Peer 1: 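Quick one: structure below, then a few questions.
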Amino acid sequence: MDESTNRIEIAHDASIVVDGISVNYRTKRYAPATESRSSGPLSALRKRVNGGKQTINEALRDVSFVGYKGDSIGIIGRNGSGKSTLMRVLAGLTKPSSGSVYAMSDPVLLGVNAALISALSGSQNIRLGCLAMGMTESQIDRKYGQIVEMSGLEDDINHPMKSYSSGMSSRLRFAIAAAVDPEILLIDEALNTGDAQFKERSKNRMDEIRAQAGTVFLVSHSLGTIKANCNRCIWLDKGDFIMDGDTEAVTKEYRNFVWRMTEGNKEYGQKIRAELMHNRPPIQAVVVDRGWRSAKGGA
Ligand SMILES: Nc1ncnc2c1ncn2[C@@H]1O[C@H](COP(=O)(O)OP(=O)(O)OP(=O)(O)O)[C@@H](O)[C@H]1O
């Protein structure tokens, strides 16, 4: 991308461009907490608190793709693959170590932007969450009923949030985040916690956002949820970008890979992984429209 001239050649139906992002977390690695008679458990604990060798954890390596208006993109991968990290980078909450993200408007990450307080009621938290997302009092008044209905918490909305189950809290967070009509909505696992009725409501809301030419990203371990909600799917594994394409095709390859790995045929699983990565087409010539939000990497 030629930033110096701000010359832009982006497909006009693109909503977000992820250009070669990597994320390295610095973390400490401790020696195994072995107890010996001479040092004792307290000594081992002291070592863990004071010491530890710095290591770099590569959570994402050179991830590039273009999201389009109307896309609902599932993000799949084993534990620790970088799915949540990718969501945080897209939302601007984690700065990439290198690479850039360009978006037509600020992506809203479900649950994080709504900094809710457990001692307050659901109703108070709706106001708080909406204010935190930049809505005005009159916008909140207009949306309040829709948020309560979407959350399905009509009977509990005046109870403190600390009395809610985790599923109830997730539903409230989803309903608040979805109320701002974001052009780019990022959802991390929230749909798995709801009951069938909530799943139906949230799917309808996501369809609405897509129909208004928005883009939805959905992280889930449930391939059923991904298939029911996404037209496109990205598979990450240990920070690597393995596959991007039609949901049916990507979930099929992913299931095959996971099956090989758990069946003990790891070598074959790794071969599939390497081939898919190797065959991944380069991303199309990218775009950036003037005035797009940009998050840049770099120390
Ligand atoms: N704040 C952090 N500091 C250090 N390492 C981190 C941090 N957050 C995540 N990681 C590491 O980055 C890698 C990717 O983590 P991430 O949470 O993005 O994966 P994930 O695919 O969302 O995992 P899961 O499916 O288990 O939720 C993991 O190795 C994780 O240990």
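By convention here, the first residue in the shown sequence is residue 1. Treat the numbers as computed from the prediction; the structure is a model and nothing was measured. Order of appearance sets the numbers: ligands from 1, and atoms from 1 within every ligand.
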Peer 1: Can W259 and N265 be said to form a side chain to side chain contact (heavy atoms under 4.5 Å, CB included), step by step?
Peer 2: CA-CA 8 Å; W259 183 68; N265 198 345; over 6 Å; no

Peer 1: Do we see a donor-acceptor contact under 3.5 Å between the side chains of S97 and Y25?
Peer 2: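 Not at all, the side chains of S97 and Y25 share no donor-acceptor pair under 3.5 Å.
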
Peer 1: For R255, what residues pass the salt bridge (charged side-chain N to carboxylate O under 4.0 Å, His left out) criterion, not counting sequence neighbours?
Peer 2: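 Partners of R255 under the salt bridge (charged side-chain N to carboxylate O under 4.0 Å, His left out) test: none.
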
Peer 1: To the nearest 0.5 angstrom, please state how far the CZ atom of R61 sits from the CD1 atom of I21.
Peer 2: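 It comes to 13.0 Å.
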
Peer 1: Which pair of heavy atoms, one from R232 and one from Y68, lies closest together, and at what distance?
Peer 2: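 Minimum heavy-atom separation between R232 and Y68: NH1-CD1, 3.8 Å.
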
Peer 1: Note every protein N or O atom lying under 3.5 Å from an N or O atom of ligand 1, pairing the names and giving the distance.
Peer 2:
unit_1, atom_1, unit_2, atom_2, d
ligand 1, 18 (O), T85, N, 2.9
ligand 1, 18 (O), T85, OG1, 2.5
ligand 1, 19 (O), G82, N, 3.2
ligand 1, 21 (O), S81, N, 2.9
ligand 1, 21 (O), G82, N, 3.0
ligand 1, 21 (O), K83, N, 3.0
ligand 1, 21 (O), K83, NZ, 2.8
ligand 1, 22 (O), S84, N, 2.9
ligand 1, 22 (O), S84, OG, 2.9
ligand 1, 23 (O), G80, N, 2.8
ligand 1, 25 (O), N79, ND2, 3.3
ligand 1, 25 (O), K83, NZ, 2.7
ligand 1, 25 (O), H221, NE2, 2.8
ligand 1, 26 (O), N79, ND2, 2.8
ligand 1, 26 (O), G80, N, 3.4
ligand 1, 29 (O), N57, ND2, 3.2

Peer 1: Judged by modelled atom types alone, do N231 and D71 share a side-chain donor-acceptor pair under 3.5 Å?
Peer 2: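 Looking only at side-chain atoms, D71 and N231 do form a donor-acceptor pair, the distance falling under 3.5 Å.
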
